[in-house]
Structures are given as C-alpha cells and as structure tokens.
Amino acid sequence: MMARTISHLRANIRFKGDSFLPPLQNPLSSSRFSPHATLLASLLHSISFSNNGDRPQSRYQKVTNLDHAFNLFDEMTQRRPLPSVVHFAQLLNAVAKMKHFSSCLDLFKQMCLIGAPVNEYCISIAIKCCCQMSRTNDGFALLASCFRRAVVPNVFIFNTLLDGLVVENRIAEAERLFKKLIKQKICEPNAVTYSTMIKGLCKFGNNDIAIGLLRLMDERGCKPNTVVYNTIIDSLCKAKMIEDAFKLFNEMVFAKSIQPDVITYTSLIHGLCNLCRWDEVSKLLKEMVEDVRISPDIQTFNILVDAFCKEGRVDEAEAVIDIIVERGEVPNIVTYNSLIDGCCLRGEMTKARSLFDSLTSKGLVPNVVTYNSLLNGYCKSLKIEEAMHLFHEITRKGLKPCIVTYSTMLQGLFRVGRCGAARKFFDEMRAQGLIPNECTYGIILDGLCNNHQVEEALSLFHLVGDSKLNSNIVVYTILIEGASKCGKLDIARDLFQDLTLKGLQPNVRTYTVMVSGLCGEGLLKEAKHLFRKMDESGCPPNSVTYNVLLQGYLKKQNYDDVEMLLQEMDGRRYSLDASTLSMLIDEIAAGSVDRSMLKLIGKLVPKEMMDTTAVPR
DNA sequence: GTAGGGTTAG
C-alpha cells in the first residue's frame, strides 16, 4: 500500500514530463532548437518563476542585513526634508521580515523621538514585532499611542493584536476583543479577523465553535475563503476527525466553489497518514498531481517522509527524498530530521549519526530538533555517555536545549538507573527557566517508579496536588503501574478510584495496568470483574489486556475461563503474544490445558510469529 | 508600505 504512494509520485514526474516537455532527447545533439530558442525557453522559464508582475523593490525594501538597515536609517533621518513615511514603513517592514523584531521596534521608537512621520502602516508593523516576541501587551500600549497621535487604528492593527493574543494562548481575551470589535462597531472584521479567531478556537479544540464562526461570517456577509476552511480542516485532521474534515472539504469545493490549494491537500494527507489510511493518501496525492494548480511541495513531501519513517520504512522515506530531488526541489532540515528520527527509532544509530554528520555537506544546519532525535536514539540504545557528549555539543553550537531536550535526557538517565544525575539535569533545567510540562512530569514519575522510588513518585504527585499535571490520565496510569509493580496494590486501587472522582476516563492502558496489578496479586475474580467492565464503559479490552488476563489465569493454574477468553480473542481478531503462547504450549505439554484447544491457539498466532515459533498442529 | 492556513523531537 505504501509502495503505491511512491508509484503515484513517480507517475507524477512522468505526467509532468509528458505534459510540458518535448520527447526526451539529448539537448546538445538536438537540431530542433537554435541557441536563441533555448535562450528564449530559459527566459520564459525564469518568467514563470519570477514574482508574477510585482513591482521592482525600492532600496528600503531591499535591505538584507541589520547593519545595512541601520546605516540606511541614519542616512534617512539626516535628510531634510525627512523621507516620506512610505519609505520608513518599507524599511521597518524589511527589518521585521528578517525577524529582527527588537531592532525594528528600536527603529520605530527612534522615528517617534525625532518626530518622523508615523502612520497606521508603521504602527501596524511595530505591533506585529511586539506580538511576534510574545509581548502583545506592549502591542496594546502602541494601540493606545494611535489614539494619542490621532491615527485611526485599522483592521490590520486589530488583526495583528488578535493574533498576538492567540499566539500567547490568551483565548478568552481574544474572544473578548473579537466581540468588542463587532458590538462596539470599532472595526468590521474581515476574512483575516475571522480566520485568526477561528485559529484560536481550533487551537483549544473548539472545532464546533470554529465551524459556528465560519457560518456566522457567511451570514454577516464576509465570504469564507480557502484560508478559513484550511484552518478548520487542519484542526479536524489533527483531532483525527478525518470524516468531518472531508465533509468540510466537500462543502468548500462543491457547495461553495472555493478552490482548495496545496495546504488543504497537505492537511488532509497528514490526517490520513496519522490514521495509516495509505490507500486514501495515494488517492489524494493522485488528485493533487493531476491538478497542475496544486502540485505537492516540500512540506507535503516531508509529511510523507515522516510517515514512512514512523512506520519504520526508512528505505521508502529515502525513495521519497530521491523524488523530491528529481522534481528539482530541495530537501530541508525537516526532511532530514524525520529521516534521522526514523533511523533512531529502529536503533540504527550508526546510520543516524552518519546522516547527522552529512548535514553540513548538504548546506544544512542541525537544529535543536535534530539533536533531540539523536539524543533520544542514544538514550533508547542506553548509550548514555554518547548522549551526554551530544547534549554538551548543543550549547557549544550556539543552540539552546529546550524542554524536550531535557525530558529526553531525564528519560535516558532514569533508564540506566542514574537517578542522581537525573536530579542534577532537572535542577539545571529549572535554572534555565524551563518549566516541566506534562510529559516531563510523566517521565520523572515513571523514572522514579522504575527505580524503586515509588514513595518518592507518590510524594511528588501529592506535592503537585490538584493541577493540570495531575489531571492527566497518562500520569495516573504510570503511578498505578508503579504502585502495583511494587506490591502497593491498595494505593493503585485508590488511584484508580480517584479517576472517577476527577472525571477522568481510564483508557485501555489504564485498565490493562490495573488488571495486570490485580492478576499479580492473584486476585483473579476482581481482575475479571474489571475486565468485564471495560466493554460496558465503552473502552473494550485490546489484545494486550487479553494476554495479561490469560497469563494471570495460567500463572494461578486457573484454567476454567481460558478457552472462553481464547474464543473471544478469535472473535475480535486479536492475537497471542510470544510469552502467553509459550505458557499455553507448556500447559498443554503438562496436560493442564486440553489438546483440543490447539486448533484455536493456532488461529491466534500472528503470521509474523509463524516462521519463528513451532506451533504443534 | 501593514494582518490569517499545512511539515520534524520527549
């Protein structure tokens, strides 16, 4: 199925070739084209890639580095009369585009000081800089300065501020601002205002309200566009609500006649990849390549590279990279980060390392994500010294370790039992001003439990108290597993009961861990009771749960329910894992389990195990 | 001359 994806991409190359190029021939030996014709062809080619009819840039827009910008600014401020406000705005914008937000603000302040003309364009750029630096409050202060300068803030300014609030996760304030604009008729929201607000709603999982806002904008006479639809479609895809995403996609294309673009398709392909629905991925890719307007780009390809890597198909990911190159596109650091991560996932550290070392020769600079993947690979292969060495390289290369970097190191250190070193890393992380998140917290609790420090884990858990960190089902599952593995089943039970009180829904893993704990203490009746509760609670047991319960029965030499469980597994198309299978075979050999069950057991052996395990027939 | 959407890591 994945191979089909590749063949569609290859077909695309041929498709493009067939449509636009003459039959293949050696251009040097060709008599069909005169040198002029070739020149003309290359000119035509360059025209199609240039900025379709854009005006030439002014010297203020062309600045390429900060020194140049400051020199030009100094020169401008000395001229009399002062240059026009348009030129100042162009320079400010060029500096902002280079992401030198703080310098851009300095220039803006200097303009104000020397009495240079400042209008809504300049203020809008300055506000954008504040927001990009997560200083939206400073942006609002600049809004106040609009009123002092008798500049009427326009929809660009409000949209930028709204986006700043969304970026800072200040969703309630964003909603208040949005409503205020409408109610007080301060400024009529346009499609950008709506799409920004919709993005904020989606960010917090309010897809339904986002769709409501999409309807509202239509009613208020603001026509939804591709960006608005893309924002919601992407959010639905990320929430694995792919059917709803396609519903919206169909509405957009067929009912509203809004053209989808490469971003629409990329979001849908990403959503399908996450659900391993490869056939549909191929279908969409085919649709994309057949429509010349929406040909896949580097981000689309990167999603495919990443999907192949996550499936462990590094070879096919490399084939996609070949296609990227054949199409004349350039693989970037994201492409290689996925590939390196894929190698690490398979424990192929030599290959991961050599890919990492080859980045420079490709003109690519490793970023903190590159390092995190490699660190994770070393930690998972228990090569902690190599991980430590790499960790120190991060700062030497002028990069900053982030919360993921530290979490990865903590996990690695706990895994090799170096709890003291883990503690030091944790303190260093805090000293760097990094706040542990749910994942870091889970890693620490898990690490403590696995290093016989369940008491420590529990006291940390109680110390943290009622918070977002402790309202997480993963955290509970870790503690329940830790407590029951250490024979503290009472604590595990209490934690499990807490879930209902907190309104948290146990997942399959939580149930399985609890069933396993009960089995470990020989409490088969209670384990079976909980097991039966799973279906009722809408969380049916999976293959692992069945294997855990079966092992519990076999260990206790309780064979009454074994056949029934095996039959249920068959009905649900589940399979036996290697250790349950080996226990069953031992029991049959010993005569405790009836040989008549062999046929059923044979059906429950996964195909890939058939080659390696001899199952008596 | 100013604003909004898609990719990688624990």
Side-chain angles (χ1 to χ4, degrees), chain A residues 55 57-58 60-61 84-94 96-97 119-128 131 153-164 166-167 189-200 202 225-235 237-238 261-271 273 296-307 309-310 332-342 344-345 367-377 379-380 401-412 436-440 442-443:
Chain A
R55 281 189 213 150
Q57 289 191 321
S58 76
Y60 309 97
Q61 295 166 294
S84 100
V85 63
V86 174
H87 293 155
F88 276 109
Q90 286 177 333
L91 182 62
L92 286 181
N93 196 34
K97 284 268 150 67
N119 63 4
E120 66 271 28
Y121 284 84
C122 299
I123 295 179
S124 148
I125 298 162
I127 291 179
K128 170 89 187 158
C131 294
N154 59 14
V155 68
F156 285 84
I157 288 180
F158 287 113
N159 288 346
T160 308
L161 286 166
L162 190 69
D163 193 54
V166 170
V167 168
N190 62 14
V192 178
T193 326
Y194 283 104
S195 73
T196 307
M197 193 63 240
I198 283 173
K199 177 181 73 172
C202 289
N225 58 17
T226 311
V227 175
V228 179
Y229 272 98
N230 284 354
T231 308
I232 308 180
I233 287 173
D234 186 64
S235 175
C237 287
K238 293 213 165 88
D261 61 11
V262 61
I263 296 182
T264 326
Y265 275 92
T266 302
S267 289
L268 289 167
I269 287 174
H270 194 195
C273 283
D297 64 9
I298 185 68
Q299 289 201 41
T300 325
F301 286 117
N302 282 348
I303 284 165
L304 297 174
V305 169
D306 192 58
C309 287
K310 288 206 165 78
N332 58 22
I333 189 68
V334 178
T335 326
Y336 284 100
N337 282 348
S338 289
L339 197 61
I340 290 171
D341 197 57
C344 291
L345 194 76
N367 59 21
V368 72
V369 179
T370 329
Y371 278 97
N372 289 345
S373 284
L374 211 53
L375 272 181
N376 187 38
C379 287
K380 291 259 154 70
C402 66
I403 191 72
V404 180
T405 322
Y406 278 101
S407 303
T408 309
M409 286 305 293
L410 286 173
Q411 197 169 39
N437 61 20
E438 282 143 287
C439 195
T440 326
I443 287 168

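Chain identifiers are assigned alphabetically (A, B, ...) following the order of the sequence lines, protein sequences preceding nucleic acid strands; residue numbering begins at 1 within each chain. Computation of the quantities below employed the complete heavy-atom set of this structure, encompassing side-chain atoms and omitting hydrogens, waters and symmetry-equivalent molecules.
For the side-chain hydrogen bond (donor to acceptor under 3.5 Å, both in side chains) test with A:N337, the passing option among A:N332, A:N372, A:D306, A:T370 is A:T370; the others fail.
Distance from the side chain of A:V228 is smallest to B:dG4 among B:dG4, B:dG1, B:dG10. Of the candidates B:dT2, B:dA9, B:dG6, the closest approach to any side-chain atom of A:S373 belongs to B:dA9. Closest approach to the A:I443 side chain among B:dG10, B:dT8, B:dG4 is made by B:dG10 (side chain taken as heavy atoms from C-beta onward). Nearest nucleotide to the A:K380 side chain, out of B:dT7, B:dA3, B:dG10: B:dG10. Considering only side-chain atoms of A:S124, the nucleotide from B:dT8, B:dT2, B:dG1 that sits closest is B:dT2. The A:F156 side chain lies nearest to B:dA3 when the options are B:dG10, B:dT8, B:dA3. Among the nucleotides B:dG1, B:dA3, B:dT8, the one closest to any side-chain atom of A:T160 is B:dA3. When the nucleotides B:dG4, B:dG6, B:dT8 are ranked by their closest atom to the side chain of A:D234, B:dG6 comes out on top. Residue A:Q61 places its side chain closer to B:dG1 than to any other of B:dT7, B:dG10, B:dG1. Residue A:N225 has its side chain nearest to B:dG4 when only B:dG4, B:dG6, B:dA9 are considered.
Under the side chain to side chain donor-acceptor pair (under 3.5 Å) criterion, A:T440 pairs with A:S407, A:N437, not counting sequence neighbours. With sequence neighbours excluded, no residue forms a ring-ring contact (aromatic ring centres under 6.0 Å, His included) with A:Y336.
Base engagement by A:I403 is indicated by at least one non-hydrogen atom pair under 4.0 Å involving a base atom. As judged by a 4.0 angstrom heavy-atom cut-off over every strand, A:T408 is placed among residues touching the sugar-phosphate backbone only. The residue A:V262 sits close to a base: some heavy atom pair falls under 4.0 Å. Heavy atoms of A:T440 sit under 4.0 angstrom from at least one base atom. No engagement by A:C122 is indicated, since no non-hydrogen atom pair under 4.0 Å with the nucleic acid exists. Looking at heavy-atom distances under 4.0 Å, A:T300 makes contact with a base. No contact: A:A96 has no heavy atom under 4.0 Å from any strand. Nucleic acid contact class of A:T193 (heavy atoms, under 4.0 Å, all strands): none.
In this structure, A:I333 places its CD1 atom 14 Å from P of B:dT8, rounding to the nearest Å. When rounded to the nearest whole Å, the span between CG of A:L162 and P of B:dA3 equals 15 Å. Taking atom CG of residue A:L161 and atom C1' of nucleotide B:dG4, one finds them 14 Å apart after rounding to whole Å. The nearest whole Å value for the distance from the CG atom in A:L304 to the C1' atom in B:dT8 is 14 Å. In this structure, A:N190 atom CG and B:dG4 atom P are separated by 11 Å, rounded to whole Å. Taking atom CD1 of A:I127 as the reference point, atom P of B:dG4 lies 13 Å away to the nearest angstrom. As a whole-Å value, the separation of A:I303 CD1 from B:dG6 P is 10 Å. What separates CD1 of A:I157 from P of B:dT2 is a distance of 13 Å, to the nearest Å.
In terms of phosphate contacts, A:N376 brings a side-chain nitrogen or oxygen within less than 4.0 Å of OP1 or OP2 of B:dG10. Regarding contacts with the backbone of B:dG10, every side-chain N or O of A:N372 stays at 4.0 angstrom or more from both OP1 and OP2. For B:dG1, the OP1/OP2 oxygens have no side-chain nitrogen or oxygen of A:K128 closer than 4.0 Å. For the pair A:K310 and B:dT7, the criterion of a side-chain N or O lying under 4.0 Å from OP1 or OP2 is not met.
Looking only at distances, no side-chain donor or acceptor of A:D341 sits under 3.5 Å from a matching main-chain atom of A:C344. A donor-acceptor contact shorter than 3.5 Å links the side chain of A:N225 to the backbone of A:V228. For A:D297 (side chain) and A:T300 (main-chain N/O), a donor-acceptor pair under 3.5 Å exists by modelled atom type. Remark: the backbone N or O of A:T264 is paired with a side-chain donor or acceptor of A:D261 at under 3.5 angstrom.
Not a single donor-acceptor contact under 3.5 angstrom links the side-chain atoms of A:Q90 to the base of B:dG1. For A:S267 and B:dG6, a side-chain-to-base donor-acceptor distance below 3.5 Å is absent, hydrogens and geometry of angles not being considered. For B:dG4, the base has a donor-acceptor partner in the side chain of A:S195 [N/O atoms by modelled type, under 3.5 angstrom]. Put simply, the side chain of A:D297 and the base of B:dG6 share a donor and an acceptor less than 3.5 Å apart.
Here A:Y121 packs flat against the base of B:dG1; its ring centre is closer than 5.5 angstrom to the base's six-membered ring, tilted by less than 30 degrees.
Expressed to the nearest 0.5 Å, how far CD1 of A:I232 lies from SG of A:C202 amounts to 5.5 Å.
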